[in-house]
Amino acid sequence: MKVIRNVADLGAAMDPAPGRAPSVGLVPTMGSLHAGHLSLMAAARAECDVVVVSLFVNPAQFGRGEDLEQYPRDEVGDIATAESAGVDLLFAPAADQVYPEGFDTWVDPGKIGAYLEGSARPGHFRGVATICTKLFLLVKPRRAYFGRKDAQQVAVVKQLVRDLELPVEIVACPTVRDPDGLAMSSRNAYLSPDDRQVALALPRALEAGLAAHRSGTDAVRAARDVLDAQPGLRVDYVAEADLDGPTLAAAVVVGSTRLIDNVVLDAEA
Ligand code: AMP
């Protein structure tokens with residue numbers, strides 16, 4: 001596996017040899033890799049000739065007062081993890097490679113990025129859309145792999161690819177959960193064992209919402225009831241929305257950790 005840190009070297013590495021254009025699969029991440037990320041790499045490995053993983057804690061998608069400084073980082077572990085997942089190239093740039101002095105152009109999603117996570121975290125999806133656009137232009141992937149765990153992000157990225165006619169297929173992969181039901185997330189590292197017990201109300205609430213939906217009752221109400229009954233947890237939002245399909249999405253705060261999760265609202269029992 002090659003590790004590349006400079007944009008110029010990445011451009012050279014991604015130029016196909018004359019006469020041969022291998023299919024490239026890109027997995028954008030902020031590192032601290034876990035089984036959720038690995039599922040995206042496995043999907044890319046199965047479908048593409050060349051697998052590129054980016055590892056970049058993107059300052060532009062963090063708001064003021066958010067956890068940019070504390071965000072868990074483990075580059076040495078991530079390099080070993082990516083290598084053992086069969087990744088061909090890891091792109092791990094410093095911030096000034098991505099946002100050099102004078103950088104001043106942004107990709108700003110419209111309505112799809114303005115509610116739920118977008119209203120809780122103003123500017124978040126502008127940062128996401130901008131880094132994804134840059135990565136798509138630099139890596140030139142045929143496919144890029146994202147987790148349904150961040151369903152609104154999938155919707156934002158699909159919208160940007162459609163609107164800007166970027167030649168990349170966005171592949172949405174299912175949410176990977178720990179055995180206790182909590183969706184895997186780098187931010188789970190912030191949770192104490194007690195916090196974690198409290199946080200389990202989030203997947204429980206979404207399951208209750210899904211069951212209500214399947215029985216023809218109010219999914220949001222059912223999920224909210226479970227969350228409201230859980231001490232030690234603050235609800236940021238619970239909502240039904242079209243996030244790359246009908247979705248029940250929620251965000252909660254446990255201690256100082258903000259967690260998001262969602263389920264697809266299918267009709268089947
Ligand atoms: P992050 O490093 O948190 O920015 O995530 C990088 C990619 O991994 C995003 O497309 C996420 O949606 C995806 N991802 C994160 N957690 C999970 C999970 N538990 N299951 C599936 N995909 C995930």
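Just so you know, ligand 1 is whichever comes first in the structure, and atom 1 is the first atom listed for that ligand.
Among pairs with a residue in residues 188-204, those fulfilling salt bridge (Lys or Arg N to Asp or Glu O under 4.0 Å) read D178-R196, D180-R196, at least two apart in sequence or across chains.
Counted by atom type alone, Y115 and Q152 present zero donor-acceptor pairs between their side chains at under 3.5 Å. Remark: the Y145 side chain and the E47 side chain contain an N/O donor-acceptor pair separated by less than 3.5 Å.
Ring geometry for H34 against H37 counts as tilted: the plane angle lies between 30° and 60°, on a 0 to 90° scale. Classified by interplanar angle (parallel below 30°, tilted 30° to 60°, perpendicular above 60°), the ring pair F136/F146 is perpendicular.
Nearest approach of Q97 to N6, heavy atoms of both residues: OE1-CA, 3.2 Å.
Contact residues of ligand 1 (protein heavy atom closer than 4.0 angstrom to a ligand atom; sorted by chain and number): P28, T29, M30, H34, G36, H37, L40, Y71, F146, G147, K149, D150, Q153, P174, T175, V176, M184.
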